[in-house]
Amino acid sequence: MLAYIVKRLLLMIPTLIGILLVSFAIIQFVPGGPVEQLVQELRGASLAGEVSTSSAGLYRGGQGVDTERLKEIRELYGFDKPATQRFIEMLERYARFDLGYSYFHHKSVWQLIIDKLPVSISLGLWSFLLVYAVSIPLGIAKAVRNGSRFDLWTSTAILVGYAVPGFVLGVALLVFFGGGSFLQWFPLRGLTSDDWSELSLAGKVTDYFWHLAMPLTCLVVGSFAVTTMLTKNTFLEEVRRQYVMTARAKGLSERRVFYRHVFRNALIPLVTAFPAAFIGAFFTGSLLIETLFSLDGLGLLSYEAVVKRDYPVVLGSLYVFSLLGLITKLITDVLYTWVDPRVKFGADA
């Protein structure tokens with residue numbers, strides 16, 4: 001196992017380099033980079049008569065940007081160097097976990113990610129806990145009552161929820177409960193109220209979940225179906241196996257067969273998927289939900305970085321998420337061998 005872990009860790013290096021190389025190469029062919037965007041902003045500001053004193057020397061009306069000034073702008077963003085040199089320098093920085101600075105936010109990429117984490121963690125972590133807390137017991141109950149009315153009605157309910165897009169549900173919630181045309185039970189924006197710091201501990205907790213109620217509803221309603229049906233089908237598949245028939249033939253009670261034998265084996269796929277789902281919950285942003293409820297998280301940050309061609313943010317966040325994904329995959333594989341000792345990675349067939 002130790003040799004397997006070391007091998008996987010070493011393989012992460014070329015995998016990360018490959019991911020960054022492909023993304024970096026694509027960026028080179030995308031029009032409208034940060035230099036062009038700055039020139040366009042200066043042109044627009046000049047036409048509107050809003051050029052500041054500091055920018056007045058950069059844009060010269062119909063003559064555009066002076067060649068020397070354009071060269072300075074390229075040097076400012078590092079585009080005066082060949083692409084290969086920029087890529088190698090980027091890899092050297094990433095090896096030291098230096099993600100660079102944003103072109104437009106004038107902050108380090110690390111600081112931007114940390115600033116946006118509270119929103120993404122709040123949405124991802126609580127939605128993850130709610131989905132698992134509801135879906136696994138519900139899936140087990142559906143497996144036990146397979147074919148019953150309970151199974152039929154719950155399947156219909158979760159599939160309807162799965163079919164409704166989260167942003168459509170969000171618009172409906174805002175209209176009905178967010179001060180639209182009907183009731184104003186929940187706030188429209190932010191994670192907390194303006195006077196949050198002045199509230200008591202109980203008041204802070206209540207205010208926090210009060211703000212999260214509608215965004216979390218939009219995120220979890222469509223997520224129940226996959227985990228619930230996976231749990232149900234896994235349990236039903238285990239029930240049909242030979243060892244269950246043998247246990248029943250020995251005279252064991254149905255309850256003991258289910259919870260002593262079937263339960264442990266059926267949970268293996270769910271337990272091994274837990275690390276990936278848990279880590280992914282922290283960094284999986286929902287752009288539409290964040291925009292709809294005015295929540296400034298990683299989803300909105302990534303979208304704005306792509307639109308503004310803020311390459312340090314795009315590549316830096318990609319590097320962090322890819323590294324975490326690879327580490328999580330390794331943890332999942334190791335956990336699989338721990339849950340099911342029959343699995344031996346690297347063993348001969």
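Remember, predicted model here, so these are calculated numbers, not experimental data. Computed over heavy atoms, backbone and side chain alike; hydrogens, waters and symmetry mates excluded.
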S.K.: Heavy atoms, side chains only, cut-off 4.5 Å: are L173 and W185 in contact?
M.R.: no
S.K.: Tell me whether F87 at atom CZ has more than 12 heavy atoms from other residues, nucleotides or ligands lying less than 6.0 Å away.
M.R.: yes
S.K.: Which residues satisfy the ring-ring contact (aromatic ring centres under 6.0 Å, His included) test with F209, sequence neighbours excluded?
M.R.: W126
S.K.: Quick one: do V314 and Y303 end up in the same hydrophobic cluster if we chain Ile, Leu, Val, Met, Phe, Trp and Tyr together by side-chain heavy atoms under 4.5 Å apart?
M.R.: no
S.K.: Can you tell me how far the CG atom of L300 sits from the NZ atom of K116, to the nearest 0.5 Å?
M.R.: 7.0 Å
S.K.: When you look at F150 and L138, which way does the side chain to side chain contact (heavy atoms under 4.5 Å, CB included) test go after all the steps?
M.R.: CA-CA 10 Å; F150 172 81; L138 180 59; 3.8 Å; yes
S.K.: Taking V168 as the starting point, is it possible to reach Y162 by hopping between hydrophobic residues whose side chains are less than 4.5 Å apart?
M.R.: no
S.K.: Is there side-chain contact between F321 and L298, with at least one heavy-atom pair below 4.5 Å?
M.R.: yes
S.K.: With a 3.5 Å distance limit and no angle check, can you tell me whether S127 reaches the backbone of G124 through a side-chain donor-acceptor pair?
M.R.: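 Confirmed, S127 side chain pairs with G124 backbone.
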S.K.: Answer whether the closest heavy-atom distance between the side chains of N146 and V239 falls below 4.5 Å.
M.R.: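 N146 does not reach V239 side chain to side chain.
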S.K.: Locate the shortest heavy-atom distance separating S322 from L16; write the atom from each residue and the value.
M.R.: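 Heavy-atom minimum between the residues: CB-CD2, 3.7 Å.
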S.K.: Compare all side-chain heavy atoms of I27 with those of L315 and state whether any distance is below 4.5 angstrom.
M.R.: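 When only atoms from C-beta onward are counted, L315 and I27 do touch, with a gap below 4.5 Å.
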S.K.: Within the structure provided, determine whether F186 and W210 are in side-chain contact (heavy-atom separation under 4.5 Å).
M.R.: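 Yes - at least one pair of side-chain heavy atoms lies under 4.5 Å apart.
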S.K.: Identify the heavy atoms of I158 and M229 that sit nearest to each other, and give their distance.
M.R.: CD1-SD, 3.8 Å
S.K.: Taking the side chain from D151 and the backbone from G147, do they hold a donor-acceptor pair closer than 3.5 Å?
M.R.: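 Confirmed, D151 side chain pairs with G147 backbone.
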S.K.: Using 4.0 Å as the upper bound for N to carboxylate O, is an ion pair formed by E238 and R241?
M.R.: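 So R241 pairs with E238 through a salt bridge.
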S.K.: Enter the distance from L301:CG to S120:OG here, rounded to the nearest 0.5 Å.
M.R.: 8.5 Å
S.K.: Rounded to the nearest 0.5 Å, what separates atom CG in L159 from atom OG1 in T228?
M.R.: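 It comes to 9.5 Å.
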S.K.: State, to 0.1 Å, how close M12 and L326 come at their nearest heavy-atom pair, and which atoms those are.
M.R.: CE-O, 3.4 Å
S.K.: Hey, does Q111 have a side-chain heavy atom less than 4.5 Å from the side chain of H105?
M.R.: no
S.K.: Taking all heavy atoms of M214 and all of L174, pick out the closest pair and write down the distance.
M.R.: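 Distance-wise, the nearest heavy atoms are CE-CD2, 3.8 Å.
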S.K.: Working note: K107 + D115, criterion side chain to side chain contact (heavy atoms under 4.5 Å, CB included); need CA distance, chi angles, decisive distance, verdict.
M.R.: CA-CA 11 Å; K107 289 184 179 180; D115 290 344; 3.4 Å; yes
S.K.: Donor-acceptor pair, W153 side chain versus S148 backbone, under 3.5 Å?
M.R.: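 Between the backbone of S148 and the side chain of W153 there is no qualifying donor-acceptor contact (under 3.5 Å).
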S.K.: If I take atom CZ from residue F235 and atom CD1 from residue I136, how far apart are they, to the nearest 0.5 angstrom?
M.R.: 8.5 Å
S.K.: Of Q85, R86, R93, which is the lone residue that meets side chain to side chain donor-acceptor pair (under 3.5 Å) with E89?
M.R.: Q85
S.K.: Restricting to non-hydrogen atoms, name the atom on L123 and the atom on P215 that form the minimum distance, rounded to 0.1 Å.
M.R.: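 Smallest interatomic distance, heavy atoms only, reads CD2-CB, 3.8 Å.
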S.K.: L21 and L11: same hydrophobic cluster, using ILVMFWY side-chain contacts below 4.5 Å?
M.R.: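 In one cluster: no.
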S.K.: According to salt bridge (charged side-chain N to carboxylate O under 4.0 Å, His left out), who are the partners of K308, at least two apart in sequence or on a separate chain?
M.R.: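 Scan of K308 (salt bridge (charged side-chain N to carboxylate O under 4.0 Å, His left out), adjacent residues dropped) gives none.
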S.K.: Applying side chain to side chain donor-acceptor pair (under 3.5 Å), can you list everything that pairs with S122, at least two apart in sequence or on another chain?
M.R.: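 S122 satisfies side chain to side chain donor-acceptor pair (under 3.5 Å) with Y208 once adjacent residues are dropped.
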S.K.: On a heavy-atom basis, which atom in W110 and which in V320 lie closest, and how many Å separate them?
M.R.: CH2-CG2, 3.9 Å
S.K.: Flag the pair Y101 / V109 as yes when at least one side-chain heavy-atom distance between them is below 4.5 Å, and no otherwise.
M.R.: no
S.K.: Do you reckon L129 sits in the same ILVMFWY cluster as V221, going by side-chain contacts under 4.5 Å, direct or chained?
M.R.: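 Yes, L129 and V221 fall within the same hydrophobic cluster.
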S.K.: Is it true that a side-chain atom of K232 and a backbone atom of A143 form a donor plus acceptor pair closer than 3.5 Å?
M.R.: no
S.K.: Any sub-3.5 Å donor-acceptor pair from Y94's side-chain atoms to G316's backbone N or O?
M.R.: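 Checking the backbone N and O of G316 against the side chain of Y94, a donor-acceptor pair under 3.5 Å is found.
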S.K.: How many angstroms lie between atom CD1 of I331 and atom CD1 of I5, to the nearest 0.5 angstrom?
M.R.: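 Answer for the CD1-CD1 pair, I331 versus I5, is 10.0 Å.
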S.K.: Establish, from distance only, whether the side-chain atoms of N233 and E237 form a donor-acceptor pair under 3.5 Å.
M.R.: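 No - no donor-acceptor pair under 3.5 Å links their side chains.
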S.K.: Same cluster or not: are Y103 and V306 linked, directly or through other Ile, Leu, Val, Met, Phe, Trp or Tyr residues, by side-chain heavy atoms under 4.5 angstrom apart?
M.R.: no
S.K.: Could you grab the distance from atom CG of L112 to atom OG of S102, nearest 0.5 Å is fine?
M.R.: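 Reported value, rounded in 0.5 Å steps: 5.5 Å.
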S.K.: Angle class for the F97/Y319 ring planes (parallel below 30°, perpendicular above 60°, tilted otherwise)?
M.R.: tilted
